[in-house]
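Report on one structure; see the data block that follows.
A quick note: this is a predicted structure, and the numbers were derived from the prediction, not measured.
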Amino acid sequence: MCGIIAIFGSGPVNQELYDALTVLQHRGQDAAGIATQDDGKFYLRKSNGLVRDVFHTRHMRSLKGHIGIGHVRYPTAGSSSCTESQPLYVNSPYGIALAHNGNLTNHAALAEEIYQSDLRHLNTSSDSEVLLNVFAHELQQQHKLEPGAEDIFNAVEEVYTRCEGAYAVVAMISDHGILGFRDPHGIRPLIFGRRTDENGKEEYMFASESVALDALGFETVRDVAPGEAIFIDENGEFHSKICAAKNMHTPCIFEYVYFARPDSVIDGSSVYKTRVRMGEYLAQKILNEFPDHDIDVVIPIPESSRPSAMELAHHLNVKFREGFVKNRYIGRTFIMPGQDERKKSVKQKLNPIPLEFQDKIVLLVDDSIVRGTTSRQIIEMARDAGAKKVYFASAAPEIRFPNVYGIDMPVKSELIAHDKDVKAIQKDIGADWLIYQNLEDLIKAVTPTDEETGSRDFECSVFDGNYVAGKVDEAYLLMIEKARNDNAKAKANLELVEDHDQMVDTL
């Protein structure tokens, strides 16, 4: 899960790319990068760290041009190498810079194919570099000195036949324009907008979430459709085509549960409204299973669970209180590289307000339970703060399966729910009572209100094990388990490139 942006402007876009990446910082805090193009040359700055730490005044001045793309990353295979930060670049054909959000499930086979058949060299283990080289090869196969929109769409069509998995992509082709496309299932989000400058010239922007468009004053046009490519040529002309032979709209449901900002709208659904509705459906389930509940107060685990907790408290007719203060400068714990580091970070991240817990029966609400480490420690905090009983509610169903589409959700053996029923999980995390959302209710919550429930499918593999894209079998899951488990991540972190501040200012 990463954040991507692209802007075709009428003036310098470096500052706007920076501002948009800052808005999308929640999608990745491991690395950041911007590439711009001016007079046939690319300018690139990327490094590990937050946006504010990667880009200084000297870097911003070097990012020339009215066209650019950007990326914020967290790694999905344990490596935080600066060499794998994005955007990535190839010089043939034309010069292409690309940023990618998602994961190719067949990238290992493609990497071999690229070397054996396409005669291209890969410099990293990144699936994004694989995708870039596949696109570059297919564009070169068009054999055009000056490719048009149709040539670019033909290349994207071939990408769809070769690349499996999830991918939302923005790319910049030197002296030709910018491109955005989305995998045939639309698993990872991508939206585009436009605005008119003071001289009446149209400007365009792609982004992972609508909030980035809002922040820069772009009017949202629509989401990029599954299997669709949109190309803005060097003259600012708009071109669009459905390039996939088959497409099926199955966006990732976990975007709504946890990742996306609440003020975003993704594929027609307000993230905030979906989280409110999650609380409503969860309250109904609590009233069905525990009609004579003795809950004194509902307290959210900051921050993505707050809308669900507020609505749940309203429907239960009990008090809603803020019981934890969050340190905003600690990263998300389930993507921390090791269990010891996660345990340490939870106490640094949250601190209880004893006044809200003392002698009360508390219902804690979280967006989801992944490993259970955080939940267990938070329940201990609530007890230490004086709670008489601690109940726990998850706005999402049990997470039993790993994610293979760009979210670094742990391997099956590290998921607390993978081989346990609710009672066993309740005992494991130390709760007096535990309740999960039903999957069918979650789907109802995230379905746009103007659509009938069931008219759209969602990618729900972490809950139901149904992988909609790519050939995901036990052999593949075993392979990613070796790459993603905590031991593998610890080893990868020890092997990081020492040149942490690697930078290429001009290519």
Side-chain angles (χ1 to χ4, degrees), residues 257-258 279 282-283 285-286 289-290 292-306 308-309 312-313 316 318-327 330 332-336 338-400 409-410 412-438 462-463 486:
V257 172
Y258 179 73
L282 190 55
K285 184 175 182 182
I286 290 173
E289 294 192 9
F290 197 0
D292 299 320
H293 70 80
D294 53 357
I295 301 165
D296 294 319
V297 62
V298 173
I299 293 176
I301 311 301
E303 292 182 4
S304 46
S305 66
R306 187 172 287 117
S308 299
L312 185 152
L316 294 184
V318 299
K319 293 179 181 178
F320 171 86
R321 290 290 186 268
E322 295 286 352
F324 294 99
V325 175
K326 181 179 179 180
N327 180 348
I330 299 292
R332 287 174 162 172
T333 52
F334 89 77
I335 59 176
M336 294 274 180
Q339 192 76 350
D340 290 341
E341 190 170 345
R342 277 188 295 273
K343 289 179 180 178
K344 180 181 178 182
S345 71
V346 173
K347 297 224 178 225
Q348 294 173 338
K349 185 176 182 178
L350 295 175
N351 196 47
I353 302 172
L355 176 67
E356 299 299 346
F357 293 92
Q358 190 65 46
D359 298 325
K360 294 177 182 176
I361 298 173
V362 177
L363 174 63
L364 301 179
V365 181
D366 208 349
D367 51 68
S368 57
I369 304 173
V370 183
R371 287 180 174 90
T373 308
T374 300
S375 305
R376 190 179 304 115
Q377 286 194 274
I378 288 172
I379 289 169
E380 289 174 5
M381 286 183 193
R383 293 196 193 281
D384 291 342
K388 287 197 296 186
K389 291 183 181 179
V390 182
Y391 303 149
F392 204 94
S394 169
E398 301 95 312
I399 296 172
R400 300 188 184 277
M409 201 163 283
K412 187 187 297 186
S413 60
E414 294 174 4
L415 297 168
I416 193 170
H418 91 279
D419 62 350
K420 294 185 178 77
D421 61 18
V422 174
K423 285 293 183 183
I425 300 167
Q426 174 182 312
K427 181 179 180 181
D428 199 340
I429 65 175
D432 293 295
W433 184 62
L434 171 64
I435 191 165
Y436 281 95
Q437 184 84 263
N438 292 328
V462 296
F463 305 121
D486 283 340

Nearest-0.5 Å distance, [atom1] of residue [X] to [atom2] of residue [Y]:
X: His293; Y: Ile286; atom1: NE2; atom2: CD1; result: 8.0 Å
X: Ser394; Y: Ile301; atom1: OG; atom2: CD1; result: 11.0 Å
X: Ile416; Y: Asp419; atom1: CD1; atom2: CG; result: 9.5 Å
X: Ile369; Y: Ser375; atom1: CD1; atom2: OG; result: 4.5 Å
X: Phe463; Y: Ser368; atom1: CZ; atom2: OG; result: 7.0 Å
X: Met381; Y: Leu364; atom1: CE; atom2: CG; result: 11.0 Å

Once side chain to side chain contact (heavy atoms under 4.5 Å, CB included) is applied, do any residues pair with [X], and if so which ones, sequence neighbours excluded?
X: His418; result: Lys412, Leu415
X: Glu303; result: Arg306, Lys326, Arg328
X: Val325; result: Ile353
X: Asp421; result: Lys423, Ala424

Please list, chain by chain and in numerical order, all residues satisfying side-chain hydrogen bond (donor to acceptor under 3.5 Å, both in side chains) with [X], sequence neighbours excluded.
X: Ser304; value: Asp367
X: Asp294; value: Tyr391
X: Arg321; value: none
X: Asp432; value: Arg383

Please, which pairs that meet ring-ring contact (aromatic ring centres under 6.0 Å, His included) have at least one residue in residues 346-381, sequence neighbours excluded?
->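 Listed once each, the pairs are Phe324-Phe357.
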Heavy-atom closest pair, residues Val365 and Ser305 =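 Heavy-atom minimum between the residues: O-OG, 3.0 Å.
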Could you tell me which residues satisfy salt bridge (charged side-chain N to carboxylate O under 4.0 Å, His left out) with Lys388, sequence neighbours excluded, listed by chain and number?
-> none
Please answer whether the main-chain N or O of [Y] pairs with a side-chain N or O of [X] as donor and acceptor at a distance below 3.5 Å.
X: Lys285; Y: Tyr436; result: yes
X: Glu356; Y: Gly323; result: no
X: Arg376; Y: Asp428; result: yes
X: Gln426; Y: Leu434; result: yes

Is there a side-chain contact between [X] and [Y] (heavy atoms, below 4.5 Å)?
X: Val297; Y: Leu363; result: no
X: Asp296; Y: Val318; result: no
X: Glu398; Y: Val422; result: yes

Is the gap between the ring centers of Phe392 and Trp433 under 6.0 Å?
->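 Ring centroids of Phe392 and Trp433 are no less than 6.0 Å from each other.
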Before giving the answer on side-chain contact (heavy atoms from CB on, under 4.5 Å), spell out for Glu289 and Ile435 the whole-Å C-alpha distance, their side-chain angles and the decisive distance to 0.1 Å.
-> CA-CA 9 Å; Glu289 294 192 9; Ile435 191 165; 3.8 Å; yes
Worked verdict on Ile425 versus Lys420 for side-chain contact (heavy atoms from CB on, under 4.5 Å) = CA-CA 6 Å; Ile425 300 167; Lys420 294 185 178 77; 3.7 Å; yes
Could you walk me through whether Leu350 and Asn327 pass the side-chain contact (heavy atoms from CB on, under 4.5 Å) test, one step at a time?
-> CA-CA 6 Å; Leu350 295 175; Asn327 180 348; over 6 Å; no
